[in-house]
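Notes for the one structure printed next.
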Amino acid sequence: MDDKLLLEIAKRPFDGHFRKGMRRGRGERRDFIVATLRKAGLEPHEDRYGNVWVESGKIGKHRLLSSHMDVDPRTIRHSKGIRVRDHPRHGKIYTGILDNAVGCYLNLKLATTNKSGRKTLHIFTTTEEPAKTKGRDSKMSADNVVKTLRMRKIKPSVCVAIDVTYPGLKVPARRLAEIWDENEYSELFDLKDGTQTYVDGITGRTRRKATNTARQLINHYKKNGGRQSVQMRELSGWDEAQSYSKIAPSFAYGPVGYGKFDEPNQTLPKKHLATALRFLRRMTAA
């Protein structure tokens, strides 16, 4: 794993709710991502809304990988990077504000290493997190990406929103939002869950096709030496997959971390991140 790259992304804040005209976002993270892509010989461009686009690979129909650059407004004041520590159960872990430095890291690694695999659009969106005013900005950037895809007449075969995710649920997914504030983390999530990564966030009119596509990708991964844990479940949140489902089969995917992601002191086992990278690399391979 490239610890240095993840730590460099994490220590650079990004406020996705800042707006100047149509362009959104303020902070060092976007500039760092663009510079890293250019250093790898790629040609990223920023759309009118502030989202960063870049293409990798050469084969087949486009797949789309998306990760939001912004930090949850409830934790942004704590965003001082990620540290690496030892853990008695998980071995090496990352601690800090993981959402969504982890998703940006995975998307960036894939973009800079996918030289001859499947054609892949890598999108770094300005905002995914809900604003303080009733979540009115949630998924706005992904909605803008969908508009641009339609104008360019690009219909990806599958869209994946990459982000860190939660362990198994102890409560029904449909009740999670309403009981979030009144329950301790350990009452909501199964801390003994051994799953390393999850596919979730499947919703919308392409739900059936997205489920079949995700199942095929998981089976293909496991048949080709992917022994690490990748599971599917029904859990939808703020992720961009809800927007992308308007144009293509879509789901969210990411490594399991611990701690509420709207609070500081989140943790992520290093082995979970490694599994997520392997799965996504298999997905973008020729």
Side-chain angles (χ1 to χ4, degrees), residues 9-10 12-40 42-57 62-73 76 79 99-112 114 119-131 135-164 201 204 237-248 250-254 280 284:
I9 294 170
R12 290 171 165 83
F14 195 81
D15 178 2
H17 298 294
F18 175 82
R19 184 169 180 169
K20 187 174 182 180
M22 295 296 293
R23 188 176 188 264
R24 305 180 69 85
R26 175 174 60 185
E28 301 173 6
R29 185 170 294 185
R30 177 166 48 204
D31 291 341
F32 176 79
I33 288 170
V34 170
T36 303
L37 291 168
R38 286 177 176 160
K39 187 177 180 180
L42 298 172
E43 299 179 355
H45 76 274
E46 182 183 317
D47 66 23
R48 63 187 299 199
Y49 307 106
N51 305 307
V52 176
W53 299 59
V54 72
E55 186 173 334
S56 72
H62 282 104
R63 290 178 169 178
L64 186 149
L65 302 181
S66 177
S67 48
H68 67 89
M69 294 182 285
D70 65 326
V71 181
D72 192 301
I76 197 167
S79 184
D99 181 8
N100 188 25
V102 168
C104 289
Y105 164 81
L106 289 167
N107 210 356
L108 197 53
K109 284 290 288 184
L110 293 160
T112 56
N114 182 32
K119 285 183 182 177
T120 306
L121 280 172
H122 305 266
I123 315 291
F124 300 86
T125 57
T126 58
T127 181
E128 180 262 3
E129 302 296 351
R136 61 183 172 87
D137 286 337
S138 176
K139 304 184 295 298
M140 181 178 287
S141 292
D143 286 341
N144 292 333
V145 170
V146 170
K147 290 178 186 177
T148 303
L149 290 169
R150 284 174 170 158
M151 286 190 295
R152 294 173 61 185
K153 297 182 179 180
I154 297 174
K155 188 175 181 180
S157 59
V158 63
C159 300
V160 183
I162 311 171
D163 204 343
V164 68
W238 296 108
D239 61 79
E240 304 98 314
Q242 294 181 22
S243 294
Y244 296 134
S245 68
K246 299 171 185 175
I247 198 170
S250 305
F251 57 83
Y253 175 73
L280 290 167
T284 55

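- Seen from the ring of Phe14, Arg29 does not count as a face-on cation partner, given the 6.0 Å and 45° thresholds.
- When side chains are defined from C-beta on, Asp70 does not count as touching Asn100, because their heavy atoms never get closer than 4.5 Å.
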>> Please determine whether side chain to side chain contact (heavy atoms under 4.5 Å, CB included) holds for the pair Leu110 and Thr120, giving the CA-CA distance in whole Å, both sets of side-chain angles, and the decisive distance to 0.1 Å.
In response: CA-CA 9 Å; Leu110 293 160; Thr120 306; over 6 Å; no

>> Would Trp53 and Val145 count as a side chain to side chain contact (heavy atoms under 4.5 Å, CB included) here? Give the steps.
In response: CA-CA 9 Å; Trp53 299 59; Val145 170; 3.8 Å; yes

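- When each of Thr125, Asn144, Asp143 is tested with Ser243 by the rule side chain to side chain donor-acceptor pair (under 3.5 Å), just one qualifies, namely Asp143.
- Summarising the geometry of Ala111 relative to Val54, their closest heavy-atom pair is CB-CG1, 4.2 Å, with the distance given to 0.1 Å.
- Considering all non-hydrogen atoms of both residues, Gly16 and Thr127 come closest at O-CB, 3.7 Å.
- When side chains are defined from C-beta on, Leu64 counts as touching Leu149, because their heavy atoms get closer than 4.5 Å.
- In plain terms, the two heavy atoms of Gly50 and Met69 that are nearest each other are O-CE, 3.9 Å.
- Atom CD of Glu43 and atom CG of Leu37 lie 11.5 Å apart (nearest 0.5 Å).
- In this structure, NZ in Lys147 is found 11.5 Å from CG in Asp47, a value given to the nearest 0.5 Å.
- A 4.5 Å side-chain heavy-atom check between Arg26 and Lys20 finds every atom pair outside the cut-off.
- The CD1 atom of Ile162 sits 11.0 Å away from the NE2 atom of His68 when rounded to the nearest 0.5 Å.
- By the 4.5 Å heavy-atom criterion applied to side chains, Phe251 and Val158 are counted as neighbours.
- What you find for Lys246 and Arg150 is that their closest heavy atoms are O-NH2, 3.3 Å.
- For Arg24 against Arg30, the heavy-atom pair with the smallest separation is O-NH1, 2.8 Å.
- When all heavy atoms of Ala252 and Ala241 are compared, the closest pair comes out as N-CB, 3.9 Å.
- Proximity of Leu108 to Phe124: side-chain heavy atoms (C-beta onward) are separated by under 4.5 Å at one or more points.
- At a threshold of 4.5 Å between non-hydrogen side-chain atoms, the residues Pro156 and Arg63 do not count as touching.
- Under a 3.5 Å cut-off, the side chain of Asn107 and the backbone N or O of Leu65 do form a donor-acceptor pair.
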> Going through the checks in order, is the side chain to side chain contact (heavy atoms under 4.5 Å, CB included) test met by Ser141 and Glu240?
Replying inline: CA-CA 8 Å; Ser141 292; Glu240 304 98 314; over 6 Å; no

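- Taking CD1 of Ile33 as the start and CD of Glu46 as the end, the distance is 11.0 Å to the nearest 0.5 Å.
- Formation of a donor-acceptor pair under 3.5 Å by the Asp163 side chain with backbone atoms of Asp99 is not found in this model.
- In this structure, Arg12 does not pair ionically with Asp31, as no charged nitrogen and carboxylate oxygen lie closer than 4.0 Å.
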>> Thr148 vs Asn51, test: side chain to side chain contact (heavy atoms under 4.5 Å, CB included). Steps then yes/no.
In response: CA-CA 11 Å; Thr148 303; Asn51 305 307; over 6 Å; no

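- To the nearest 0.5 Å, atoms NE2 (His62) and NZ (Lys155) are separated by 15.5 Å.
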